[in-house]
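Here is the structure we will look at, set down as structure tokens.
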Amino acid sequence: MDTICVQQCTAKFNADFSLDAITWNIEPGQCWVILGANGSGKSALGALLAGEGEIQSGSLTGLPGRVSIVSLEAQAKLIQAERDKDDSDITDVVFAGTLVEEMLEESCVDPALLAKLVQRFNLTPLLTRSFRHLSTGETRKLMLVQALASHPELLILDEPFEGLDVRAVEILRECLVEQNRSTALLLILNRFDEIPDFVTHMALLHQGALVQQIAANDPPAVAQLAQLLHLQTSDIRIPEMETDVNVAALAPDQPLVEIRNARIAYGDNLVFEHLNWRIEPGQHWQLSGPNGSGKTCLLNLITGDNPQCYNNDIFVFGYQRGQGESIWDIKQHIGYVSSGLQWDYRVSVSVLNVILSGFYDSIGLYQTASDRQQEIARQWLGLLGMSQRAGASFQQLSFGDQRLLLIARAMVKHPPLLILDEPCLGLDDMNRQLVLALIEKVCAETDTTVVYVNHHATDRIEGIDHYLALDQRS
Amino acid sequence: MANYFNTLSLREQLAQLGKCEFMDPAAFSDGVSVLKGKKLVVIGCGSQGLNQGLNLRDSGLDVSYTLRDSAIKEQRQSWKNATDNGFTVGTYAELIPTADLVLNLTPDKQHTAVVTEVVPLMKKNACLAYSHGFNIVEEGMQIRDDITVIMVAPKCPGTEVREEYKRGFGVPTLIAVHEKNDPQGQGLAIAKAYAAGTGGHKAGVLMSSFIAEVKSDLMGEQTILCGMLQTGSLLCFDKMVAQGIAPGYASKLVQYGWETVTEALKYGGVTNMLDRLSNPAKIKAFDLAAELKDIMRPLYHKHMDDIMSGAFSSGMMQDWANDDVSLLGWRKETGESAFENATNTDEEIKEQEYFDHGILMVAMVKAGVELAYETMTAAGIKAESAYYESLHETPLIANTIARKKLFEMNSTISDTAEYGCYLYNHACLPLLADFMAGMNTDVIGHGLSLQDTGVDNQRLIEVNAALRSHSVEIIGQTLRGYMSAMKKIV
Ligand SMILES: NC(=O)c1ccc[n+]([C@@H]2O[C@H](COP(=O)([O-])OP(=O)(O)OC[C@H]3O[C@@H](n4cnc5c(N)ncnc54)[C@H](OP(=O)(O)O)[C@@H]3O)[C@@H](O)[C@H]2O)c1
């Protein structure tokens, strides 16, 4: 590999975002970490080296032939590509989906290495499963294995540790240490505390410009960079709730949720069985478990998004499921955030309307919001620092900004039950702290009961004192 | 069985054809309550069956499925669709006698057989629902007098019906009551509750009649929707290749061009679609469309006449009885066309380029939409139905062509649409031969050259005014407005 030279390079990614006059050299064997807030352009910088973006001035030379990238955007694309293969709406043949092993074979250049990695990442049991039945974390592992097995000369990993369980993070770190000798490595990270010790250089992006480049063995410079990324989160106030709503009050002496002896299976594939869970009002829960243990399935039994909720004994918000209630009767009591929701939120809608849609539990906005609701939604925008962008298109925002908005959408109506399925996935340090602080305030100051799902042991939340852990599925 | 429409007096025919009004959302304030606690049994678990059923259940209704014995025994896809989603599945004998509402969501061609078998099992005073009225109107199916017969027809494919429901919205839906079978006067109330259960009431419901639905649906699908896009695809592709344009480019421009230009149609009607062109190109497209309309008008009239007289459906049913010989022959022909077999270039075509290089395609869509709409309204069909069956559905078929080209498009649309599409195609190709001989790559393939940017102001004002004042644009604006109280369109 030659030195990769980026010279005064300005590149356009969409109408609203460009990278601005980037000058940067990557030498063979170096390992860079790129830091920056959500929307700063750090993912764009990675994508630029993977051939995305329209270079408008300056130059980019010395790119090697084999470049691999793993990112949330690439993951979304992969999921979309698999969805596009599904023509069941017009052919009426239900699409079985591509198998994991087919997917791996398609892209493989080194079968021996691939086999080793599959074993190391414990993907063997998934090989014969359909790609689209993988959980978010499992999909991530698959992409990492694909990238590592392709002998890249430049390997770009955008938030590689996101959504991985603790064991998988360890394995990936080990692989990267080995990989590092022969490959230029570019890590794009949100969490300062995730920077591996083999990193040789750090860079900070701000509003599309590369504002800092430092060597990792320069402690004072590193400390300063960390400080730059840090945000004061002490002065947060949660916008009030709407008062005159006609959602029936819940009986305070009833559990919010009671699931008895639940079982979920797809064909012969058992996700879990004999599961019992009772959530009392005011009991905040943390739900954890390795990738694929069925966390999201379980939550979807509560929200009504999993059709198997009709075949289980589920009592929610005063309704025994399947007795004539509608899913909107259920959803009015829930605020919900997950990666799945973000992928489904693909309608053309403004930033403000995304928050307003939380009052109606809809994806997109189909009702006229009241003045009071508009006012509350604007307060939330203020809290997120997005007041200037109220009219902007949701789809044009960065992944992290979209996630913040969806969190506000979930909280806006002060729901009796707030379900946060890995809410910090894709967020930078500052926003992560903002969200965690918000959740703590919600637990402490409102009547909302929180169910919080995460992998990161460090994301402990003050106020959560009940834990449910799911096991690996058999 | 006699064609039901033909048994009516002219006065009754006109009254039925002219039925179609946009219902006030307040008419749905009772939601699904009429059907609460009632047993809904769906026959067939395909595209409409599965997705309507999922929505109805999520709206709090009691839904189960009945399938023909072979589907259950062989655990066919329809059986899997139902059981994987946790529904009860049973035979006709097990479930039909328990049903208060039977939803017939089998393919139209099977309706006579299915309904004949099922109705004797239905309990007294139960209700039978369709999502398309062909069986009642064209085949003249007679249903027992005590049974209420209604129609709830979502104007979108089944997956869309589900996706929009999950978003908290719905798809535009047409409802009707078969007046001959409304013994308790309950038909409308049941149809409204059913429409509300699928989410349709959020996107707008049209109150229509079986006859208006069938006649307008047939007309739309065989002319502008499938017929015009098929004919246009073949003509435009062949023209470009004959003029030396690389087949890979021609194929891509046509395959994705319809979808791109009709996306503009979906949001802002014919006007917006033409507004996407430069001024000289817009005038060109406008003039070409006028010429096309003059040439094709008699063909649109003939299709409408044959649909009204029943000649179309009896011809098609003869082909059904003859093992679909004509249909399958035509389908094979489509599969062998040069367009179908061309491989697309990898070269990117930008969104705007589809307009700039596809002026003739834009003109064809405009001509087809307006002719279908004008012909339907002249035959006594209301503007609202005519709009839905022409302009509104064009982007859906265009999307299918973008994904699958013509052969698959034809195999996936209904049998009636496919048969009608081929009839249109065979008549329209020779009809446009002379016109096409005069076309050049400036209107299809390359676009106007840059010297052409000047236009006459007076002429431009006339064209803009004519575009905006067409009746399909006026009704379109109103209906799109209903459906988008907020930002959401279509
Ligand atoms: N697709 C649309 O966009 C659309 C839109 C509006 C209205 N509609 C109307 O909805 C109705 C259903 O259409 P569809 O597109 O949903 O059909 P479809 O996807 O082809 O599904 C038909 C279902 O009926 C079953 N079936 C087929 N032949 C049968 C027979 N002889 N006896 C019993 N069951 C049979 C099939 O299952 P097995 O073969 O496994 O038995 C299948 O589950 C039609 O009236 C259509 O006009 C469709």
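This is a predicted model, so every value here is computed, not measured. Letters A, B, ... are given to chains in the order of the sequence lines, protein chains preceding strands, and every chain is numbered from 1.
- The side-chain contact (heavy atoms from CB on, under 4.5 Å) search around A/Q402 returns A/Q342, A/F394, A/Q395, A/L397, not counting sequence neighbours.
- Other residues, nucleotides and ligands contribute over 12 non-hydrogen atoms within 6.0 Å of the CG atom of B/D24.
- Heavy atoms of B/R162 lying under 4.5 Å from chain A are absent altogether.
- Residues A/I327 and B/Y165 have side chains in contact (heavy-atom distance under 4.5 Å, counting atoms from C-beta outward).
- A/R378 CZ: 12 or fewer foreign heavy atoms inside a 6.0 Å radius.
- Distance check, rounded to the nearest 0.5 Å: CG of B/D58 to CG of A/D305 gives 8.5 Å.
- Near-neighbour residues of residues 36-43 of chain B relative to chain A, defined by a heavy atom under 4.5 Å from a heavy atom of that chain, comprise B/K36.
- No more than 12 heavy atoms of other residues, nucleotides or ligands lie within 6.0 Å of CG in B/D346, so this atom counts as exposed by the packing criterion.
- Judged as a salt bridge (Lys or Arg N to Asp or Glu O under 4.0 Å), and not counting sequence neighbours, the contacts of B/D100 are B/K123.
- Each of A/G322, A/C309, A/P307, A/S357 has some count of heavy-atom pairs under 4.5 Å with chain B, and the biggest count is that of A/P307.
- Proximity of A/I363 to B/K166: side-chain heavy atoms (C-beta onward) are nowhere separated by under 4.5 Å.
- With sequence neighbours excluded, the residues that form a side-chain contact (heavy atoms from CB on, under 4.5 Å) with B/T416 are B/F134, B/L218, B/E221, B/M316, B/W320, B/S414.
- For the set B/G86, B/G60, B/G197, the count of heavy-atom pairs under 4.5 angstrom toward chain A peaks at B/G60.
- For chain B, the option among A/Y310, A/W328, A/Y345, A/Y360 with the highest count of heavy-atom pairs below 4.5 Å is A/Y310.
- Once rounded to the nearest 0.5 Å, the distance linking CZ of B/R57 with OG of A/S326 reads 13.5 Å.
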